[in-house]
Amino acid sequence: MEFKDRVLVAVKRIPKGETRTYKEVAAAAGNERAARAVGNIMKANSDRAVPCHRVVRSDGKPGGYNGLAGPDKQKLLATEKSS
DNA sequence: TAGTTGACCGGAA
DNA sequence: ATTCCGGCCAACT
């Protein structure tokens with residue numbers, strides 16, 4: 001079950017102000033196609049030390065994280081990243 | 001052990 | 001550009 005652990009670590013590693021897609025996190029965890037599982041793991045584990053709000057979809061839309069819904073920084077960064 | 005679920009992704013309509 | 005469908009993966013029941 002290191003994948004789960006790896007995912008959490010990867011998200012923890014996300015620099016402040018930066019955003020990563022589930023796909024990226026999954027890739028960092030060792031499996032790029034496990035983006036789906038990543039989301040499942042996040043909610044399955046109440047990772048308080050893990051900034052899940054920095055994790056966004058490939059579309060740039062936020063995930064299902066309900067804790068934050070104000071800072072558009074993520075979307076802005078995501079846009080810059082896309083360019 | 002097998003089946004279902006979900007915070008996804010990519011391609012097609 | 002938006003919506004629909006199928007597919008991959010790990011966890012849960």
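Please read these numbers as outputs of a predicted model, since none were measured by experiment. Basis for what follows: all heavy atoms, side chains included, without hydrogens, waters or symmetry-related copies. Chain letters run A, B, ... following the sequence lines, proteins first, then strands; residues in each count from 1.
Taking 4.0 angstrom as the limit, A/K23 places a side-chain polar atom (N or O) nearer than this to OP1 or OP2 of B/dG10. A sub-4.0 Å separation between OP1 or OP2 of B/dC9 and a side-chain N or O of A/R57 is present.
You'll find that the side chain of A/R33 is closest to C/dC9, out of C/dC9, B/dC8, C/dA10. Each of C/dA11, B/dC9, C/dC8 was ranked by its minimum atom distance to the side chain of A/I41; first place goes to C/dA11.
When rounded to the nearest whole Å, the span between CG of A/D59 and P of B/dC8 equals 9 Å. The distance between atom CD of A/E32 and atom P of C/dA10, rounded to the nearest whole Å, is 14 Å. Computed from coordinates, the A/K43 NZ to B/dA7 P distance equals 6 Å when rounded to whole Å. Residue A/K4 contributes atom NZ, which lies 11 Å from atom C1' of C/dA10 at whole-angstrom precision. Regarding A/R36, its CZ atom lies at a distance of 11 Å from the C1' atom of B/dT4, rounded to whole Å. Rounded to an integer number of Å, the gap from A/Y22 OH to B/dG10 C1' is 17 Å. Distance A/N45 CG to C/dC12 C1': 12 Å, rounded to the nearest Å. Rounded to whole angstrom, the span from the CG atom of A/N31 across to the P atom of C/dG7 amounts to 18 Å.
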Evaluate side-chain contact (heavy atoms from CB on, under 4.5 Å) for A/K16 paired with A/R54, printing each intermediate quantity in order.
-> CA-CA 9 Å; A/K16 192 177 193 285; A/R54 286 187 196 161; 3.6 Å; yes
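Side-chain atoms of A/D59 never come within 3.5 Å of backbone atoms of A/K61 as a donor-acceptor pair (strictly under, hydrogens ignored). Panel note: side chain A/R20, backbone A/V11; no donor-acceptor pair is recorded below 3.5 Å.
Nucleic acid contact for A/A37: base, since at least one base atom lies under 4.0 Å from a heavy atom of the residue.
A/Y65 contributes no side-chain N or O that forms a donor-acceptor pair with the base of B/dA7 under 3.5 Å.
Scanning all heavy atoms of the two residues, the minimum distance from A/A35 to A/A26 falls at N-CB, 3.6 Å. Contact between A/P62 and A/V56 at its shortest, heavy atoms only, is CA-CG1, 4.4 Å.
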